[in-house]
> 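Take a look at the following structure, please.
Every chain is numbered from 1, with letters handed out A, B, ... down the list of sequences.
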Amino acid sequence: MLEGGKISSRQAIFLMVSMVLPTAFLFMAAVIAHLAKQDGWISLLLAVLVALLIAWLVVSLSLRFPGQTIFQFVEVILGRWPGKVVAFLYIWWLIHVNAEILRQFGSFMVSAFMPETPIIVFEILVMVIAAYAVRNGLEVFTRANEILLPIILVMVFIINILLIPELNLKRLLPVYIDNGAVSIIKGAIIPSVWFGEIVVMAVLIPYLNKAKEAYRVAASATLITGSILIFSYVNSMALYGPEAADGWIFPSLNKVRMVNIANFLERLEALIMFVWVAGGMVKISIFYWAAVLGSAQWLELKDYKPLVLPVGVIILALSIMAHESILGLYTFLATSALPFWIVFQACIPLLLLIAAMLRGPRKTRH
Amino acid sequence: MRFIKFIRRGMSGRRKSDSGQQDNGSKNQKKENLTANQEPRNQDLSSDLQTNLRQIRAILSECSDVIYREFDFAQDERIKLALVYLDGMVDKTRVSDQIMHSLMLDAPLVEQGEEFTRTRVFAIIKKRLLPIQQIEETNNLDQVIDAVLAGDAVLLADGCACAVINDAKGWESRSIEESQTELVVRGPREAFVETLRVNTSLIRRKIKNPNLKIEAMKLGQITKTDIAIVYIKGIVSEQVVTEVKERLNRINIDSILETGYIEELVEDNPLSPFCTVLHTERPDKVAAQLLEGRVAILVDGTPYVLTVPLLFVEAIQSPEDYYERPMFSSAMRLLRWFSMIISLLAPSLYIAIITFHHEMLPTALLLSLAAQRETVPFPAFVETFMMEFVFEILREAGIRLPRQVGQAVSIVGALVIGQAAVQAGLVAAGTVILVALTGIASFTFCYYASTSIRLLRFPIMVLAGTLGLYGVICGVLAILVHLATLRSFGVPYLSPLAPLNTGGLKDVAVRMPWWTMLRRPRLVGMVNPQRVARGLKPAPPPARGKR
Amino acid sequence: MKKLLSCLLLLIFMAGILSGCWSRKELSELAIVLGAGIDRTPDGQVMLTLQLAKPSTITGGWGGGARGIEPSAWVVSGTGKTVLDAQKRLATRISRSIYWAHSAILVFGEEAARYGIRRYIDFFLRSPYSRETMWIMVTNGEAKDILEAYSEMENTSAQDIANLARSRTGYSVNLKDFTIMLANQGTNPIASRIDLIDYSINSGGLTRAKSVMQKGAILTGTAVFHDETLAGFLDESETQGLLWLRGETLKGIISVSSLTEPGKEMSINIIRGATEVQPQYDGESVWFDVKIVIEGDLWEQQSGEEIMERQVRKAIEEEMAGEVEDKVRLALEKVQGEYKVDILNFGESFHRKYPKVWPKLKDSWDEVFAGSGVNITVEAHLRRSGLETKRTSEKE
């Protein structure tokens, strides 16, 4: 068997939360604030709903083909060669997303903490650790994540709680009237795309202990991530107000800098660096693993270990070449990412589901 | 179950490749040499006493401590007997009083009309004339030699192609003392000694249950060390026992001097800095491990006993935790977790913050540190690295100090390195404090874990010196991922943290009272999970109406 | 495979160490900026003044610096087209790297503030090193002088001023709040005002031989901005009124005259309070109902009134209310009448209550504000009286 690991539902939930949370926690507030200002939390609610739909779509599709990842059942649905093409597109999408994540990761570290260090140093180090984790299989980074995610969540929680003295909830008013439905919906688009990364579950479901619980896993993960992000967003808004929050690239970082309890608990940026590095590493590992596994299945190899290094190098190179500056990255994420990624996250699964339903009865066994 | 299957596959894989490699090594040559000497030995005794003695003398030639005592049987001087034993390994009084006295002086209790013939003499001797507590009969020369070398006295008789091995072992060995390395305030103070039988007796005294099985084997081609595998049947998982036995049987080495040899040859992850096999000197700890469903491996000649499987979280568990009150133990546990983090990360965090992340210090502290560092010529990284290195030197030297020199050297350590270096301006006072704290913190938790952590401190310091806090975090993540890959005999090393087992968490960060720890650690004791009955929380009886 | 990975790792680590760590700075390589000042030179350039710490003179455990004689900070100034440009010029004079993360205050000279403050603060918001917790101050004169001032209590004047701001005796604004006020259309920014005061220091140890005149810093009120330009200043009483109107930091001491013994005063320590602003709009005109509730303790009584009697207490409470209302009206007059800027967040309150009307009014809000009526009601409560009921030193 290509991947011998099996993970429990709880581990899968943790994994899926880790998949969306780190980058979103850091980048999301700025992007939404630009469009929806103080009503961004409504946008996030909408995004969660959309994400639940996408999750339902992906899980239904995967459960029709138990034991097979998307790379395998797409061949079953569409036939060998068209299936191979689609599978290749998915592999490429996973690699691209990972390159974007890696670039975001490096950009944050460089912009916020150590501007003189070249970005590739940060990226190489995290890729090495991710490669080590991926090489050892699914269970390894799942277990590491099981320990890291609670710590990350506690830190996020602490950061947001410690800011309560500085908050002014009135800054969230007036609701809705200022911006109007159009802005709110526009603000919901980007988070939906981020939440939509849950489509990676299509690669993960065969390795769940109890595949039937996949619906629960996807829904729980989306709801948990959504609530944490809404909480964090409300916090940012109450701290900065709609106009000022717009300008920052990393509102969460600035937020942490404002924490000052009794003149003693201050200067806590290390917390957010840990959240970002640990969460980023797990997220990169997941996509990396999915890409490597997909490549191995696509090439019909017996073991995916030899592919870890080449795929890693590709991701690394792509992350450097894809954008010239952080502003280019930001623009990409805010504009072009949407149509590009939504194809993979929603359109193709939808088409595949329809094709699968047309093709034959449910639960085709192999 | 599937975890163990997984590792078994890995095991058999290794075996296949090993049979090609290991036998080609230098060990092979030793083995060949040994077999060259041993081959003629695999034969039986002859009926002639002198032939036997000659053969034994030939094999044990130049062994001046082998005593050959020939004497006549008390009842019939035609029957010649000989006793072969190693001087120094036998209990002399036992040999002379129990074996020789009865054979040379006592009247046998024989019925009328029976005669002592050569053929029957051994049967009678065995049954009536050897008031010694353990005997074994054999007709194999190999076994005779092994027995002599093990410290038994072997009785040979003329006319009988067999020998009686009498257990007369009695050599000088250390008495049961307090453990030097694993100390507790409350709890038993006994520690294992170098004799296997005494050690097994210490365990038996704690667990008086017929299900406590002690299986014996010998390992080491030349040393033929006695090994005992101990487990409690019904609690332990049979697969683990089988796996242990398989791995032990695979060992093909010339000597086993300490459990460390076995540990290295048997562990799942030989290249990892972390121990996946526990070694301990305390019988109560071993007994507790056995009761949780683990297997213990005892080796003759060393007081350290191995137990498998091992979990990472056991590094902060001390036997004392289970004897003291839970609230106090929980506080101590949390302290130990914290110490572990300090011992791993404190110097790195210091380097990272004062070299890269000055914004994290409060202004007043920053200015004070800046004032200190104005005088120091080295960069923070070099200074801290140097001090840690010196501390390791001091620590290593401290273990091997002869007692007479101890006083002088500790003064050197404290005064010279601590005080004088600071005053000379070579190191900052803050660095000395930090290094001392790190060192002390590493003693709060189990030694086997503290060695790993001490080792890992240095790479993380390097990472901190090059990339600041990011390097530290990456180092920690790398260690975490590495820990996640480790398994100990099929059990994931990081359980019960990951895979998460909430029941097992009762014993990790805190020590919940005994009346709450109803189940054994899940993946280890899954065969027989329940260990404490429900509803045991003590409460005083309800107040009665009249007194 | 393992060998390959370990080689790779080794290379990476070596690369990290050998090529030099890029962001490394030893503590002794830092020029720690404690406070900064921005002035505008007559020819339109930015003059950046930095107060740098001299750690060796600050007590580091082995011996203290001599205060009063040797300054424990070094003040340098440089000019340039932008703040960063000026910093670059300064770097040629300062032997270490300029490190912003501990800068506690940012002082603007009057010229710079009148010219427009937005262009100057961008650097401090954008740079990852400077923090948004810096206190913003405006001075009547040149910022340079403030930074060169002397402090008796603290080591450096920047720390002194920062502590003054932190104790919130006046209105303290940090960079984050200032930026929010600047970005918000419903309000205008304010900042603390800081000035110099003369006092003489006795130095020379026991003999007190020398007597040196030094200038120290003092908080004297608030600076009022119209969007980004300085409109004017409020003095201390007006500042107190301002604070009560804004509903922030309602602590302070107010003194009321005694009712029975003229010429004598009572001082009441305000513990807490709340302000509620209700905007009202009837289609044409805008007015605001302001309700202020304060609670105080009587801490000093020069006269001998019997505060045990309820009428006396009621009278005192009315006096308190009156005093507060006076101060508030003073502030309001200045703000509405003279400066005509809304620094009271009234715009935001209006926005929240009448969001549909707001887009119409927001562009000319300051004029609307200047013309709107404000009804003030103050409710004062006297809760405690320290440890005495009547003056214990009173003769029976």
> Between B:Val472, B:Ile473, B:Ile353, B:Leu494, which shows the greatest number of heavy-atom pairs under 4.5 Å with chain A?
B:Ile473
> Which answer fits B:Leu469, side chain, backbone, both or neither, if we ask what part of it has an atom under 4.5 Å from a heavy atom of chain A?
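Answer is both: backbone and side chain atoms of B:Leu469 are under 4.5 Å from chain A.
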> Looking only at the side chains, is there a donor atom on one of A:Ser319 and A:Glu123 sitting less than 3.5 Å from an acceptor on the other?
yes
> Count the heavy-atom pairs under 4.5 Å between each of A:Trp276, A:Phe113, A:Phe122, A:Phe141 and chain B, then report the option with the highest count.
A:Phe122
> May I ask you to say whether A:Glu213 pairs ionically with A:Arg10, meaning some side-chain N is under 4.0 Å from a carboxylate O?
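A salt bridge is absent here (no side-chain N lies under 4.0 Å from a carboxylate O).
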> Quick one: is the NZ or CZ of A:Arg135 closer than 6.0 Å to the six-membered ring centre of A:Tyr288, and within 45° of its axis?
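Negative - A:Arg135 is either too far from the ring of A:Tyr288 or too far off its axis.
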> Heavy-atom distances under 4.5 Å only: say whether B:Leu361 touches chain A with side chain, backbone, both or neither.
backbone
> Give the ring-plane orientation class for B:Phe385 versus B:Phe458, where under 30° counts as parallel, over 60° as perpendicular and anything between as tilted.
perpendicular
> Below 4.5 Å from any heavy atom of chain A, which atoms of B:Leu486 appear? Answer side chain, backbone, both or neither.
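The backbone, not the side chain.
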> With a 3.5 Å cut-off and no angle check, do the side chains of A:Lys283 and A:Thr23 form a donor-acceptor pair?
yes
> Checking heavy atoms, do the side chain of B:His357, its backbone, both or neither come under 4.5 Å from chain A?
side chain
> Given heavy-atom pairs under 4.5 angstrom as the criterion, report whether the side chain, backbone, both or neither of A:Met273 touches chain B.
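A:Met273 touches chain B through backbone and side-chain heavy atoms alike.
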> So what's closer than 4.5 Å to chain B heavy atoms on A:Phe274: side chain, backbone, both or neither?
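For A:Phe274, backbone and side chain are both near chain B.
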> Mind listing the closest non-hydrogen atom pair of B:Ile460 and B:Gly475 along with its distance?
CD1-C, 4.3 Å
